[in-house]
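Scroll down for the structure; my scribbles are underneath it.
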Amino acid sequence: MAKSNIVWHDHSVSRDSRETRLGQRGIVVWFTGLSGCGKSTIVNALDQLLFDAGRATTVLDGDNIRHGLCSPPERLAEEHSDEFAKRFGLGFGETDREENIRRIGSVAALMAASGLITLTAFVSPYRRDRDRVRKIVNDQREGDFVEVFVDTPLEICEARDPKGLYKKARAGEIKNFTGISDPYEAPENPEIHLRGGDDRTPVDQATEVLGLLADRMKLAS
């Protein structure tokens, strides 16, 4: 289909109307950091705090997304042809990760446009890919993308190793593993910089993020 034949259709219910009903501004809060840094745990703690405060939220998590929207080829092959699985399934190489983050960024932008506070937890190791998501979100409305860097040292992440992934990566059983055989490009200017690996609980860290998000979630007066 030619690009000129793709037309954006405005909805009868506007974004402003949805946000006014919800009493909040839809944003994307993008948590990034090494595997085991605490992203998902903090995101879930933050989601609970927001839910308890009466906010409308949704969570996009790296592992959960790989069960559907960004399934690997071997998972798609269970219900689709090998050709389909090879074409649309996503592995963990650099190009596949690029498409993984592009899909997630597009979905997150749609959710934010519906007025939801959209929390995401993805390693998203490449700065270029995160910057592209920032553009996707901010092209809808400037300032709606909030990057949260969970800065936990590799040695702490590896010591935690809740899924046993670092051990497998060190043994050569997992290729393209961020921090071991693939690079992690830390954010240069994240909106929120969390120092992981200290004595604070996930709820403490989530509370810090919530305080820093307060103005972002408010409707313009």
Side-chain angles (χ1 to χ4, degrees), residues 14-65 101-125 127 129-152 184-221:
S14 70
R15 176 173 186 167
D16 287 345
S17 297
R18 295 181 190 278
E19 291 180 324
T20 298
R21 171 168 288 186
L22 292 170
Q24 64 184 36
R25 172 176 171 159
I27 59 173
V28 174
V29 188
W30 191 276
F31 282 73
T32 177
L34 294 169
S35 177
C37 72
K39 297 183 300 298
S40 294
T41 306
I42 299 169
V43 161
N44 279 287
L46 177 58
D47 189 38
Q48 187 67 59
L49 291 174
L50 288 164
F51 181 82
D52 292 344
R55 298 293 187 177
T57 66
T58 191
V59 173
L60 300 176
D61 181 84
D63 284 343
N64 292 351
I65 288 291
I101 297 304
R102 186 197 68 82
R103 291 183 192 179
I104 295 158
S106 296
V107 169
L110 289 172
M111 291 181 168
S114 296
L116 296 177
I117 297 168
T118 306
L119 311 176
T120 78
F122 297 92
V123 174
S124 45
R127 196 176 296 123
D129 295 340
R130 297 192 304 268
D131 287 345
R132 285 174 175 161
V133 175
R134 180 184 292 274
K135 185 176 186 306
I136 290 171
V137 174
N138 284 346
D139 276 353
Q140 293 186 157
R141 187 174 60 197
E142 188 64 32
D144 282 355
F145 182 86
V146 181
E147 187 175 45
V148 182
F149 176 30
V150 184
D151 188 4
T152 304
Y184 177 77
E185 298 173 358
E188 295 178 329
N189 296 293
E191 279 76 13
I192 299 174
H193 191 162
L194 288 181
R195 303 289 181 180
D198 55 22
D199 293 332
R200 291 182 300 165
T201 68
V203 174
D204 291 337
Q205 293 172 310
T207 301
E208 178 185 346
V209 174
L210 182 58
L212 295 169
L213 287 177
D215 288 338
R216 295 263 186 170
M217 297 185 298
K218 293 177 182 176
L219 294 178
S221 56

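Every heavy atom of this structure was used, including side-chain atoms; hydrogens, water molecules and symmetry mates were not.
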Could you list the residues that satisfy side chain to side chain donor-acceptor pair (under 3.5 Å) with [X], not counting sequence neighbours?
X: S114; value: none
X: N189; value: none
X: N138; value: none
X: S124; value: W30, T32

Which residues pass the side chain to side chain contact (heavy atoms under 4.5 Å, CB included) test with [X], sequence neighbours left out?
X: R15; result: E19, A112, A113, Q140, R141, D144
X: R103; result: L69, C70, L90, E99
X: D151; result: F149, H193, R195
X: L110; result: none

Atom pair [atom1] ([X]) and [atom2] ([Y]), whose distance is rounded to the nearest 0.5 Å:
X: L116; Y: L22; atom1: CG; atom2: CG; answer: 6.5 Å
X: I27; Y: R216; atom1: CD1; atom2: CZ; answer: 7.5 Å
X: I101; Y: I65; atom1: CD1; atom2: CD1; answer: 9.5 Å

Check: P187 main-chain N/O paired with R127 side-chain donor or acceptor under 3.5 Å:
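Absent.
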Mind jotting down which residue pairs meet the salt bridge (charged side-chain N to carboxylate O under 4.0 Å, His left out) criterion with at least one end in residues 131-140? Sequence neighbours excluded, please.
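Every salt bridge (charged side-chain N to carboxylate O under 4.0 Å, His left out) pair that includes a residue of residues 131-140, provided the two are not neighbours, is E98-R132, D129-R132, R134-E147, R134-E191, K135-D139.
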Closest heavy-atom pair and its distance - [X], [Y]:
X: V133; Y: G105; value: CG1-CA, 3.7 Å
X: P202; Y: A45; value: O-CB, 3.9 Å
X: T152; Y: G196; value: OG1-CA, 3.2 Å

Identify all side-chain donor-acceptor contacts of residues 33-41 below 3.5 Å with residues at least two apart in sequence or on another chain.
| from | atom 1 | to | atom 2 | distance (Å) |
| --- | --- | --- | --- | --- |
| K39 | NZ | G33 | O | 3.1 |
| K39 | NZ | L34 | O | 3.1 |
| S40 | OG | D61 | OD1 | 2.5 |

Apply side-chain contact (heavy atoms from CB on, under 4.5 Å) to V146 and I192, showing your working.
CA-CA 8 Å; V146 181; I192 299 174; 4.1 Å; yes
Which atom pairs, donor and acceptor, lie under 3.5 Å between side-chain atoms of residues 50-60 and protein residues at least two apart or in another chain?
| from | atom 1 | to | atom 2 | distance (Å) |
| --- | --- | --- | --- | --- |
| D52 | OD1 | Q48 | NE2 | 2.9 |
| R55 | NH1 | G23 | O | 3.1 |
| T57 | OG1 | D47 | OD1 | 2.4 |

Please list every donor-acceptor pair under 3.5 Å in which a side-chain atom of residues 207-215 meets a protein atom from a residue at least two apart or in another chain.
| from | atom 1 | to | atom 2 | distance (Å) |
| --- | --- | --- | --- | --- |
| T207 | OG1 | V203 | O | 2.7 |
| E208 | OE1 | R200 | NH1 | 2.3 |

